[in-house]
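Everything on this sheet refers to the single structure shown next.
In this chain, residues are counted from 1 in sequence order.
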Amino acid sequence: MSASLSRPRVGVWLIGARGSVATTVVTGCAAVAAGLHPPTGMVTETPAFTDSGLPALSDLVFGGHDTVDCPLPKRAETLTTGGVLPPGVATAVAAELAAADREIRPGGPAPGDTRSEADLITAFAHDIRDFMHRHELERAVVVNVASTEPASHGPDAPLPASTLYALAALHAGCPYVNFTPSEGMHHPVAAREAERSGLPYAGRDGKTGQTLLRSVLGPMFTQRALTVRAWSGTNLLGGGDGAALSDPAAAAAKNAGKERVLADTLGTTPQGETHIDDVPALGDWKTAWDHIAFDGFLGTRMILQTTWQGCDSALAAPLVLDLARLTARAHESGLSGPLDALAFYFKDPVGDAPSGLAEQYEALIGFAGSLRGAGATGPGEEVGLRQGTGEGLEPGPAGQAKGTEGLR
């Protein structure tokens with residue numbers, strides 16, 4: 001591993017902690033840490049990140065929120081049956097799965113829940129702080145891996161659940177990563193609090209398949225001076241994501257990031273649309289097909305077609321582990337605000353970052369180098385908060401979280 005085993009432990013608090021991605025994250029982390037499998041897909045385990053001060057996989061402690069009650073060991077059995085997890089791995093790390101499952105708390109808002117938004121934020125933040133206290137953690141990173149939400153509408157609309165969790169992360173003094181297209185920290189209420197919190201954050205929407213390929217092909221066409229006339233795509237997927245994205249509003253939020261990559265890398269928006277179809281029989285497996293019409297020399301018309309078939313959870317899990325480690329190290333180093341250098345992992349990255357994968361990778365490697373010389377939080381500072389940056393985010397009188405003025 002690239003980090004010293006003597007380093008303090010770090011919490012990873014997963015929103016959607018009993019879903020396929022979260023289960024694969026916990027299982028995979030334990031399996032790689034135990035030497036049962038190599039860290040395939042984990043960029044942070046490549047030589048460029050040696051001595052960057054990242055927490056070791058064996059030092060990560062998992063917990064989270066979810067609205068379902070299927071235990072992680074049972075969920076892992078289901079994923080094994082579906083071919084997502086290799087045979088025998090879930091059994092080998094059953095103790096780690098059970099330990100993580102004991103740290104999962106009820107999420108929300110659930111149907112019939114009468115608590116206000118401020119009450120929910122306070123409750124979620126309490127769960128995170130309690131987790132950190134009981135495990136004596138130096139810090140914890142909150143990562144949203146829940147199903148995609150429809151976009152919220154209008155200033156008077158209720159805050160989406162993803163934003164409630166993002167605000168809870170800030171109130172608990174934790175950096176935040178949004179691996180989903182959901183609003184999360186992008187909501188104006190959360191964005192204002194993030195700016196004043198002094199905490200680092202990253203997102204949104206993990207780039208695992210079709211958009212990863214688009215971020216490579218788009219710059220290729222531009223650099224070779226080939227004119228793209230149309231770019232159409234179709235996604236077939238099942239599982240929880242497929243069901244969630246059958247909602248047109250949720251699909252629109254997902255597709256916005258896919259189309260933005262094309263507009264940014266091509267310098268124009270080509271004709272064509274991207275469609276997402278829910279095919280429950282596919283389970284956690286997805287197929288993405290792209291049809292690209294472009295012009296060559298003397299206007300010769302040509303076509304490129306690509307087909308990407310993969311397991312969504314297996315594609316996402318190593319990225320989530322990378323992001324948790326990098327964000328924890330950024331927090332330890334005293335960084336704050338949007339982590340532009342992590343754009344490599346996202347369809348719609350926060351901050352000011354290029355859209356081409358090669359440029360994003362260069363920025364990420366530069367970030368790894370900067371972490372080598374960065375300092376660490378001293379033992380006298382508050383857990384999860386840089387000194388002097390938590391103003392307005394600590395619990396107020398009677399449990400009311402400060403900084404939530406105007407929440408309904």
Side-chain angles (χ1 to χ4, degrees), residues 3-19 22-23 25-27 29-30 33-34 54-73 75-76 93-108 115 119-146 164-177 197 199 320-321 324-325 327-329 331-332 376-387 389-390 393-396 398-401:
S4 167
L5 295 179
S6 64
R7 293 179 59 82
R9 295 191 301 168
V10 171
V12 181
W13 190 264
L14 300 168
I15 308 304
R18 289 190 171 116
T23 305
V25 166
V26 176
T27 304
C29 182
L54 305 184
L57 294 176
S58 56
D59 289 335
L60 300 182
V61 183
F62 293 95
H65 282 114
D66 209 322
T67 56
V68 301
D69 56 9
C70 178
L72 281 180
R75 182 67 172 168
V93 299
E96 288 87 347
L97 286 167
D101 191 70
R102 288 193 294 270
E103 297 298 336
I104 299 175
R105 300 294 178 262
R115 290 176 293 178
D119 288 340
L120 287 166
I121 294 166
T122 298
F124 296 156
H126 170 77
D127 290 338
I128 299 168
R129 285 194 297 267
D130 178 63
F131 167 72
M132 295 173 66
H133 175 74
R134 286 184 293 100
H135 289 279
E136 299 181 337
L137 303 177
E138 285 278 327
R139 66 196 79 254
V141 178
V142 177
V143 187
N144 182 13
V145 290
L164 298 178
Y165 289 122
L167 288 166
L170 297 178
H171 287 216
C174 296
Y176 171 84
V177 176
S197 73
L199 293 163
V320 172
L321 289 169
R325 301 172 83 194
T327 306
R329 177 62 175 135
H331 185 220
E332 180 185 36
T377 302
E381 292 189 21
E382 291 184 60
V383 172
L385 279 176
R386 290 201 302 121
Q387 198 165 10
T389 62
L393 295 176
E394 67 274 15
Q400 173 65 43

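In this structure a side-chain-to-backbone donor-acceptor pair under 3.5 Å is present from Asp66 to Ala17. The backbone N or O of His135 sits less than 3.5 Å from a side-chain atom of Arg9, completing a donor-acceptor pair. Remark: side-chain polar atoms of Arg325 are not paired, donor with acceptor, to backbone N or O of Leu54 under 3.5 angstrom. Although no hydrogens or angles enter the test, the distance criterion places a donor-acceptor pair under 3.5 Å between the side chain of Arg18 and the main chain of Cys70. The backbone N or O of Val10 sits nowhere less than 3.5 Å from a side-chain atom of Asp59 that would complete a donor-acceptor pair.
With sequence neighbours excluded, no residue forms a ring pair (Phe, Tyr, Trp, His ring centres under 6.0 Å) with Tyr176. Judged as a salt bridge (Lys or Arg N to Asp or Glu O under 4.0 Å), and not counting sequence neighbours, the contacts of Arg115 are Asp113.
Annotation for Ala172 and Ala125: closest pair CB-O, 4.0 Å, computed over non-hydrogen atoms. Considering all non-hydrogen atoms of both residues, Leu57 and Cys29 come closest at O-SG, 3.4 Å. Between Pro175 and Leu199, the shortest heavy-atom distance links the atoms N-CD2, 4.4 Å. The heavy-atom pair separating Leu170 from Ser197 by the smallest distance is CD2-OG, 3.8 Å.
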Test log, rule side-chain contact (heavy atoms from CB on, under 4.5 Å), inputs Val177 and Asn144: CA-CA 6 Å; Val177 176; Asn144 182 13; over 6 Å; no
Evaluation steps, side-chain contact (heavy atoms from CB on, under 4.5 Å), between Val142 and Val12: CA-CA 6 Å; Val142 177; Val12 181; over 6 Å; no
From CA spacing to verdict: side-chain contact (heavy atoms from CB on, under 4.5 Å), Val26, Val93: CA-CA 9 Å; Val26 176; Val93 299; over 6 Å; no
Evaluation steps, side-chain contact (heavy atoms from CB on, under 4.5 Å), between Cys174 and Val141: CA-CA 6 Å; Cys174 296; Val141 178; over 6 Å; no
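The closest side-chain heavy-atom distance from His126 to Phe131 is not below 4.5 Å.
A salt bridge is defined here as a Lys NZ or Arg NE, NH1 or NH2 lying under 4.0 Å from an Asp or Glu carboxylate O, and Glu103 with Arg134 meets this definition.
Arg139 and His331 share a side-chain donor-acceptor pair at under 3.5 Å.
When each of Val320, Val145, Val143 is paired with Val25, the side chain to side chain contact (heavy atoms under 4.5 Å, CB included) condition holds for Val320 and for no other.
Distance check, rounded to the nearest 0.5 Å: CG of Asp127 to CE of Met132 gives 13.0 Å. In this structure, CZ in Arg102 is found 11.0 Å from CG in Leu72, a value given to the nearest 0.5 Å. Asp101 contributes atom CG, which lies 13.5 Å from atom CZ of Phe62 (distance to the nearest 0.5 angstrom). Here Arg329 contributes atom CZ and Glu332 contributes atom CD; the two are 4.5 Å apart, rounded to the nearest 0.5 Å. Taken from NE2 in His65 to CG in Leu164, the straight-line distance is 11.0 Å, to the nearest 0.5 Å. Summarising the geometry, atom OG1 belonging to Thr67 is positioned 11.0 Å from atom CD1 belonging to Ile104; distances are rounded to the nearest 0.5 Å.
Classification of the Phe124-Tyr165 ring pair by plane angle, with boundaries at 30° and 60°, yields parallel.
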